A.B. asks: 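Got a structure here, written out as structure tokens. Questions coming.
The structure presented is a predicted model; accordingly, all values stated were derived computationally and were not measured. The residues of the chain are indexed from 1 along the displayed sequence.
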Amino acid sequence: YHKLGITAGALVRRNFTNKWSAQFEILYIQKGSIHNPDPNSGDYFYYLLKLDYIEVPVLIKYEYKKILFESGIGFGRLIFENENADNVDITGQRPFNKYEVSVQLGAGYPLLKNFEANVRYSYSALPIRPIPGTDYFLNFGHSHNNGICITLKYLFGKN
């Protein structure tokens, strides 16, 4: 996890009981990676990947002692990509899939009135692009998005 990105969006939460709820979100989320050179160790390679998605997570939430545990799936649409290796733009040479399906696990905790802190792990269920010479559907290599997202939410209309 070497690259920071922005996550912003809106959500709707529906309580089923005092412990169980469902949540639907629409997010703009930046994903990608970066590798900076380390000349002291003989590493001169630079790599930057920027992937921007519109993502729609659908989550089931369970509250236990004020902690909101969540699990679900996310459906993403790639809206921007940029790839750079050793300061050469290589965007589009190995195109990325336009759609992503991810598995998501997380937890949230209420803070001040109407604020909630949240940490979520996300992992692509399918590769985001094939690695040359590999089986596309059975490849669990480096062609997946995975990330940790830390957010602060403001909840409108919470009692």
Side-chain angles (χ1 to χ4, degrees), residues 1-16 20-36 46-63 67-85 87-112 114-132 134-158:
Y1 306 100
H2 302 287
K3 183 181 172 303
L4 294 176
I6 294 171
T7 299
L11 67 89
V12 176
R13 185 181 298 165
R14 170 75 168 120
N15 294 329
F16 298 118
W20 290 95
S21 61
Q23 187 166 296
F24 174 85
E25 301 176 352
I26 298 177
L27 304 173
Y28 165 77
I29 185 165
Q30 295 178 324
K31 300 180 181 185
S33 66
I34 189 169
H35 175 81
N36 287 309
Y46 171 77
Y47 180 77
L48 176 65
L49 174 63
K50 295 179 181 179
L51 301 173
D52 295 359
Y53 288 87
I54 297 296
E55 188 169 275
V56 178
V58 179
L59 305 162
I60 298 295
K61 300 178 82 82
Y62 178 76
E63 183 177 342
I67 300 173
L68 289 166
F69 294 97
E70 61 188 23
S71 176
I73 56 175
F75 304 96
R77 171 66 161 96
L78 182 65
I79 59 171
F80 173 81
E81 66 181 85
N82 180 269
E83 190 172 20
N84 185 300
N87 295 311
V88 175
D89 185 6
I90 59 171
T91 304
Q93 289 183 13
R94 290 184 45 232
F96 290 87
N97 298 326
K98 296 296 181 194
Y99 298 95
E100 178 191 38
V101 177
S102 60
V103 177
Q104 307 201 2
L105 293 170
Y109 190 81
L111 300 174
L112 303 172
N114 290 17
F115 282 96
E116 179 181 303
N118 185 268
V119 176
R120 184 179 301 164
Y121 175 76
S122 175
Y123 189 85
S124 301
L126 297 173
I128 59 171
R129 73 173 169 189
I131 296 175
T134 61
D135 183 324
Y136 177 76
F137 287 104
L138 298 178
N139 177 24
F140 294 101
H142 69 276
S143 65
H144 291 254
N145 279 327
N146 71 83
I148 297 171
C149 190
I150 301 169
T151 59
L152 179 64
K153 300 176 182 179
Y154 182 81
L155 304 172
F156 294 94
K158 186 176 178 185

A.B. asks: Could I get the full list of side-chain hydrogen bond (donor to acceptor under 3.5 Å, both in side chains) partners for S33, not counting sequence neighbours?
C.D. replies: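 If we apply the side-chain hydrogen bond (donor to acceptor under 3.5 Å, both in side chains) test to S33, skipping adjacent residues, there are no hits.
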A.B. asks: Taking atom CG of L4 as the centre, report whether more than 12 heavy atoms of other residues, nucleotides or ligands fall under 6.0 Å from it.
C.D. replies: no
A.B. asks: To the nearest 0.5 angstrom, please state how far the CG atom of L51 sits from the CG atom of L78.
C.D. replies: 5.5 Å
A.B. asks: How about F75 and V101: do any of their side-chain heavy atoms sit closer than 4.5 Å?
C.D. replies: yes
A.B. asks: Can you check whether I148 reaches V119 side chain to side chain, under 4.5 Å on heavy atoms?
C.D. replies: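 When only atoms from C-beta onward are counted, V119 and I148 do touch, with a gap below 4.5 Å.
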A.B. asks: Are the side chains of I60 and S71 in touch, meaning some heavy atoms are under 4.5 Å apart?
C.D. replies: no
A.B. asks: Should L11 and L59 count as side-chain neighbours, where that means a heavy-atom distance under 4.5 Å?
C.D. replies: no
A.B. asks: Would you be so kind as to tabulate the donor-acceptor pairs closer than 3.5 Å made by side chains of residues 103-112, with sequence neighbours excluded?
C.D. replies:
residue : atom : partner : partner atom : Å
Q104    : OE1  : R120    : NH1          : 3.4
Q104    : NE2  : E55     : OE2          : 3.1
Q104    : NE2  : S102    : OG           : 3.0

A.B. asks: Who passes ring pair (Phe, Tyr, Trp, His ring centres under 6.0 Å) against Y154, sequence neighbours left out?
C.D. replies: F115, F156
A.B. asks: Is the closest side-chain heavy-atom distance between K3 and K50 below 4.5 Å?
C.D. replies: yes
A.B. asks: Rounded to the nearest 0.5 Å, what separation is found between the CG atom of L27 and the OG1 atom of T7?
C.D. replies: 6.5 Å
A.B. asks: So does S124 get a backbone contact from the side chain of H144, meaning a donor-acceptor N/O pair under 3.5 Å?
C.D. replies: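 At least one qualifying donor-acceptor pair exists.
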A.B. asks: List in chain and number order the residues that pass ring pair (Phe, Tyr, Trp, His ring centres under 6.0 Å) with Y47, two or more places apart in sequence or in another chain; answer none if no residue qualifies.
C.D. replies: none
A.B. asks: Just verifying a value: how many Å separate L49 CG and I34 CD1, rounded to the nearest 0.5 Å?
C.D. replies: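 Between atom CG of L49 and atom CD1 of I34 there are 10.5 Å.
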A.B. asks: Working to the nearest 0.5 Å, report the span between OH of Y53 and CD1 of I128.
C.D. replies: 5.0 Å
A.B. asks: Can you measure from CG (N84) to CD1 (I90) and round to the nearest 0.5 angstrom?
C.D. replies: 7.0 Å
A.B. asks: Between E81 and R94, is there a side-chain N and carboxylate O pair less than 4.0 Å apart?
C.D. replies: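 Salt bridge absent between E81 and R94.
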A.B. asks: Quick one, L155 and R13 - any side-chain contact, counting heavy atoms below 4.5 Å?
C.D. replies: yes
A.B. asks: Under the rule for side-chain hydrogen bond (donor to acceptor under 3.5 Å, both in side chains), what residues qualify as partners of K61, not counting sequence neighbours?
C.D. replies: E70
A.B. asks: Within 45 degrees of the ring normal and closer than 6.0 Å to the centroid, is that where the cationic atom of R77 sits relative to Y99?
C.D. replies: yes
A.B. asks: Please determine whether the number of non-hydrogen atoms from other residues, nucleotides or ligands lying under 6.0 Å from atom NZ of K153 exceeds 12.
C.D. replies: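 Correct, the count exceeds 12.
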A.B. asks: Could you tell me which residues satisfy side chain to side chain contact (heavy atoms under 4.5 Å, CB included) with D89, sequence neighbours excluded, listed by chain and number?
C.D. replies: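 Checked D89 against side chain to side chain contact (heavy atoms under 4.5 Å, CB included); matches are N82, T91.
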A.B. asks: Taking all non-hydrogen atoms of both residues, which atom of S122 and which atom of K31 are closest, and how far apart?
C.D. replies: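 Minimum heavy-atom separation between S122 and K31: OG-NZ, 4.4 Å.
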A.B. asks: Supply the atom-to-atom distance F24 CZ to R14 CZ, rounded to the nearest 0.5 angstrom.
C.D. replies: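 Between F24 CZ and R14 CZ, I get 15.5 Å after rounding to 0.5 Å.
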